[in-house]
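Here is how names work: the chains are called A, B, and so on, in the same order as the sequence lines, proteins then strands, and each is numbered from 1.
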Amino acid sequence: MTLRREWWIQKGLLAATLTSVAAIFLLLFLLLYFSFPLLFSGDLKQLFSWRWNPFEGHYGILPMMLGTLLLSILSTVMAFPAALGICAFIYTHRNSCLSRLLLLVVHVMTSIPTVIYGFVSVFILVPPMRRIFAAGAGFCLLTAALTLGLLILPTIVLVFHAYLTQAGGSLRAVSESLGLTPMEQFCFVMLPSASRGLVSALILGFCRAVGDAMIPLMLAGNAAQIPASFLDSIRTLSAHVALVLATDSQSMAYQSVFASGLLLFVMIAMVTALAHHLNRNMLSRCR
Amino acid sequence: MRKIAIAVSALLLMFFMICSVQAADPLVSFAHLKGTIEIAGGTAHIPVMKDAARAIMTYNPNIRINIAGGGSGVGVQKVGEGLVDIGNTGRALSEAEISRYGLKSYPFAMDGVAVIVHPSNPVTQLSAEQVRQIFSGQISKWDAVKGTSDDIHLFTRDEASGTREVFWKKVLNKGSIATRADVVPSNGAMKTAVAQDKDAIGYMSIGYVDDSVKTVVLDGVPATQENALSGKYPVARKLYMNTKGDPTPLVKAFIAYIQSPAAEPMIRKHGFDPIK
């Protein structure tokens with residue numbers, strides 16, 4: 001009886017896995033299918049240039065690619081120390097009310113819709129940014145990065161926290177018996193042993209930042225230019241798709257949407273592959 | 001309590017009956033029709049479409065009208081691929097779109113596009129030439145147009161916007177817009193951005209203007225829908241419904257209704273001017 005049930009569970013899980021994998025391949029296939037005419041028509045060179053001005057016949061999406069990279073890196077860099085601090089606090093104050101409350105808040109943060117972050121930031125973050133720096137309208141790389149950092153913070157915290165709890169158990173007992181304080185445990189035992197988890201958490205957060213369209217669309221200003229400072233307006237690939245999707249479907253501008261989609265897909269795939277490679281190297285070094 | 005409820009429902013019933021009797025005349029063409037109309041596209045159209053749909057569906061429950069947004073570009077694509085019966089656009093169709101899909105256009109309302117600034121901005125009027133210089137980046141401070149000594153913050157719309165297209169053609173004479181201008185994705189977002197920033201300048205559909213922003217008098221002509229319809233204020237566009245080939249009788253009746261005098265109050269109510 002139990003064997004039979006196990007068989008069903010196994011098949012069920014297999015089916016679920018295959019469906020998800022198939023969905024991803026279908027997505028890639030459709031993206032390739034739609035950008036096929038583009039890839040072979042020689043128009044591709046037009047897209048890989050630094051100037052976007054569809055009314056004058058310039059369709060370069062490289063500024064958007066740069067925008068995506070800058071924004072994602074900056075927001076991950078901002079979220080990283082905060083996430084590490086929160087995890088250290090939760091670890092060292094494991095049984096206190098405060099750390100449980102903090103964990104709860106982080107959980108709640110994951111369920112707030114992105115558009116709320118964007119909307120609230122438009123009203124409470126953009127005006128002070130404009131006043132304090134007095135450079136432009138306040139819709140800029142830095143504003144978007146601050147909000148996006150906040151958005152990806154819970155992802156990083158929760159993934160890393162899960163790794164810590166998983167790796168915890170025996171390591172904690174041993175280090176405690178050696179007389180290490182909770183902070184020493186965290187810094188010298190847990191952090192090195194869970195570094196894989198930290199990398200995974202960061203990659204996940206980074207990929208979320210790359211893929212998010214709402215925050216940059218509402219806060220980054222969307223000017224298709226190469227930013228000279230953190231206070232310049234930028235456009236990301238995801239925001240570009242959202243902005244251009246409704247244009248004349250026969251135009252070159254519309255074609256750039258598929259190229260942007262493909263580029264986003266490739267970027268995320270590359271980052272994930274890189275993370276996988278790093279993890280394997282780290283693992284073999286540990287052994 | 002119950003008596004009041006009965007009295008209220010009786011009154012409501014009477015009200016609806018009177019309404020349907022009054023509305024009966026222009027709706028008579030729908031009397032023997034049934035089926036579904038699918039509509040998608042331009043977001044400025046939606047309030048007008050919804051009011052008309054409500055009147056028609058109340059008159060004849062055998063008719064269903066579904067309305068979705070998506071923007072002008074989505075409207076063209078959906079109607080072109082045969083996914084909807086009517087695709088709305090806030091701009092005239094391009095030659096490529098008409099020839100590829102065989103679309104027909106039906107304009108029904110006029111919508112002006114106004115240059116807007118923050119209500120506290122001392123600048124009240126600009127010439128078209130000054131607006132061109134501001135948007136191209138040649139003028140970057142407000143004091144060049146008798147304003148404060150602050151930097152001008154430029155706001156423009158996305159490339160798919162019908163509002164941008166008419167502004168670009170009729171005010172900017174197809175001139176360039178500085179690359180550093182911030183791009184906002186909708187009329188609503190434009191209003192929010194300009195209403196918050198005392199140094200901002202942007203442009204949007206007059207139908208969306210309220211007290212939170214100030215319209216600029218352009219070349220001596222105030223930006224109002226009346227002036228847009230009379231042609232005194234030249235920065236205006238038409239709102240279109242589009243069908244693929246000839247419409248079915250039901251869709252034809254719907255288009256005729258929107259273009260008829262019966263729909264004029266609905267169009268006016270939402271800030272546009274009906275085309276006669």
*Examine whether an atom of B/D199 lies under 4.5 Å from a heavy atom of chain A, and if so say whether it belongs to the side chain, the backbone or both; otherwise answer neither.*
neither

*Side chain, backbone, both or neither: which part of B/S186 has a heavy atom under 4.5 Å from chain A?*
neither

Other residues, nucleotides and ligands only: do more than 12 of their heavy atoms fall within 6.0 Å of [atom1] on [X]?
X      : atom1 : result
B/K78  : NZ    : no
B/D211 : CG    : no
A/F25  : CZ    : no
B/K50  : NZ    : no
B/K191 : NZ    : yes
A/F230 : CZ    : no
A/M214 : CE    : no

Heavy-atom closest pair, residues [X] and [Y]:
X      : Y      : value
B/T192 : A/V122 : CG2-CG1, 4.1 Å
B/A181 : A/A223 : O-CB, 3.3 Å
B/R180 : A/S233 : O-CB, 4.4 Å

Supply the atom-to-atom distance [X] [atom1] to [Y] [atom2], rounded to the nearest 0.5 angstrom.
X      : Y      : atom1 : atom2 : value
B/D158 : A/H240 : CG    : NE2   : 11.0 Å
B/R157 : A/L243 : CZ    : CG    : 9.5 Å
A/F139 : B/Q196 : CZ    : CD    : 6.0 Å

*Report yes if the side chains of A/W52 and B/T179 come closer than 4.5 Å at any heavy-atom pair, otherwise no.*
no

*For A/A224, is it the side chain, the backbone, both or neither that has a heavy atom under 4.5 Å from a heavy atom of chain B?*
backbone

*Can you tell which part of A/R51 gets under 4.5 Å to a heavy atom of chain B, answering side chain, backbone, both or neither?*
neither

